[in-house]
Amino acid sequence: MGPIGNFTATMRVTLFLIAILVCLGGPLQAQRAVQGEKTLQSFRPDGELRMWTFVVKDSTIGRLFSTVKGRTSINGVEAYIIEQRLGLDYTRSGSDVTIDVEGRQFVAADGTYLGSDLRIKTGDQTSRLELKRDGDTLRGYVEQGGRETDRQYHFSADGFAADIHLLDMHELFLAMRDFKVGDTIGDTMFVPQIMQKQYVEATVNMFVNKQVYKGTFDSTFVIVYSQPQHQAFYFTPDKRLVKVEIPGQQLKAYLDIVRVFDVGAPEETGHALGGFVARLPVFTAYLILGLFSLVFFAGRAYRRPVTWLAFLAGGVVYLPVIVTQMPLQMYLVEHLLIPGIAAGDSPYFWGIFPALTAGVIHQILKVAVILLFGIMAKLRTDRLVIIGAVCGGAFGIVEGCHLAMLAMNVELFSWHLLERGFMILFHTTSGALIGYALASGFASRRFVLILSAMIVFDAFLRYLPVFVHQNVINVQMMYFVIPIVVVALTFFALWRFRRAL
């Protein structure tokens, strides 16, 4: 059947690497100016989680979790919900201050402030505030000590809100603005926690490749604030506030997690269509890389109609991932990962469960479609290898396209293409191995071992970002590890097939 074909395995892996590098092209030039986003959704889609870690004198004192949780309406205006959970314990650094904030912020599509619903605990004092915009007026109440006090403030409808520790609101403020190196940024913002307006002024000092954390570098604008206090923000062109320094408090904060777990509310048709068209070059690159990965295993099987039928089935079988894996991962993040990390537990432990969820669901779906083809067509072992590879390749292509639609900004010439290319190759190889194992029987020892191994490999590749978030490795190292793992697995599969078939 020729799952190895005419080329050697080494030549094929080399060609696969060349194909990806050709798509990657040269490195992007550093930007010295940035254009503001038009909508929140353009850089923070529904279901996206961001987490910042706060450090004082090298001691972690807490974290801020920020999740986009869909939409509601504030006095007839569509409002995006940003769910926040902030916990800071300065006692770890020798102070006696503790701060806990939990609740929701409401912002318009352009990021302007529409209201808050927050529970704030400072030391032993707990308060609750609720504010909603009505034109140029903010109306609501503050509850403290069991007593409610009505509040009303005049604040322009085109104003933003922020607080020193709620970094996601500062990030939103910067993301919606055009600026370049040398610009001065000045505006009046509303601070819900203290119910006051506050003037902010900052200068965009430079654009540099900055060490954000030990061994982790990023290209950022350095934005230095002079009001309301001296602080430095490190803000990337793709709208991430990756680091904050507040010298007066000896406080630093780092963006550790940016992850989308859920599709959320559907986008407007025009916006969705525009996003699809803008991503067509990326989709095309994924398709090319996916078809190229099939050269390792499919040989001349492209001549058979069943091969293309399996390719279609492999793409379709990814669709249940959207309604199973992502909601389940979001549940695990909200009910296990976030509470565990907030309580001071190890993110290495709690990070296992979302990654393992993906591995289990992906491989079981592939088993189902390959088994279906095997039963219907009564295929030989070599044909099952081909069917498995084709199903896996299509699965990987559709996964890449789906994640590209969820991503904030997708560029063809980026490291993400390298990662996605090898993830497609992984799905192709794991599909081929599952097909090979199924030939021995659904209850065979070979099938159980190979399926378990593929789940572990899948989960491991999705667990790697935990090491990045904990600054054990940098992003570039992760992009180096993924190809090594996938290429090693592909070589093993080709070696195994050459001996067995």
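The heavy-atom pair separating Ala404 from Val282 by the smallest distance is CB-CG1, 4.4 Å. Taking each heavy atom of Ala437 and Ser444 in turn, the nearest pair found is O-OG, 4.0 Å.
Judged by distance alone, the side chains of Thr357 and Gln329 never bring a donor and an acceptor atom under 3.5 Å apart. In this structure, a donor-acceptor pair under 3.5 Å is absent between the side chains of Arg420 and Tyr286. Donor-acceptor pairing under 3.5 Å is recorded for the side chains of Thr429 and Thr490.
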* Asked: So Gln105 and Met169, side chain to side chain contact (heavy atoms under 4.5 Å, CB included) or not? Walk me through it.
  -> CA-CA 9 Å; Gln105 304 280 6; Met169 305 299 285; 4.0 Å; yes

* To do: For the pair Arg44 and Ser66, evaluate side chain to side chain donor-acceptor pair (under 3.5 Å) and give the outcome as yes or no after the intermediate values.
  => CA-CA 10 Å; Arg44 290 205 65 184; Ser66 171; 2.9 Å; yes

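For Lys243 and Tyr234, the positive end sits near the middle of the six-membered ring, less than 6.0 Å away and at most 45° from its axis. Geometric assessment of Lys252 against the ring of Phe54 yields a negative cation-pi assignment under the 6.0 Å and 45° thresholds.
Judged by distance alone, the side chain of Lys38 and the main-chain N or O of Gly36 form no donor-acceptor pair under 3.5 Å. In this structure, the side chain of Glu171 engages the main chain of Leu241 through a donor-acceptor pair within 3.5 Å. The main-chain N or O of Asp458 is never found under 3.5 Å from a side-chain atom of His362 such that the two would form a donor-acceptor pair.
Interatomic distance, CG of Leu251 versus CD of Glu245, reported as 10.0 Å (0.5 Å rounding). Rounded to the nearest 0.5 angstrom, Cys391 SG and Leu365 CG are separated by 11.5 Å. With rounding to the nearest 0.5 Å, the separation of CZ in Phe373 from CD1 in Ile386 is 13.0 Å. Distance CG/Asp100 to CG/Leu88: 8.0 Å, rounded to 0.5 Å. In this structure, CD1 on Ile434 lies 14.0 Å from CD1 on Ile387, to the nearest 0.5 angstrom.
Among the candidates Leu291, Leu289, Leu294, Ile397, the single residue satisfying the side-chain contact (heavy atoms from CB on, under 4.5 Å) test with Thr428 is Leu294.
Taking the ring centroids of Phe106 and Tyr80, they lie at or beyond the 6.0 Å cut-off. No close placement of the Phe221 and Phe235 rings is indicated, their centers lying 6.0 Å or farther apart.
Side-chain atoms of Phe65 and Gln84, non-hydrogen and from C-beta on, never get closer than 4.5 Å to each other.
Ring geometry for Phe457 versus Phe426: interplanar angle of 30 to 60°, hence tilted.
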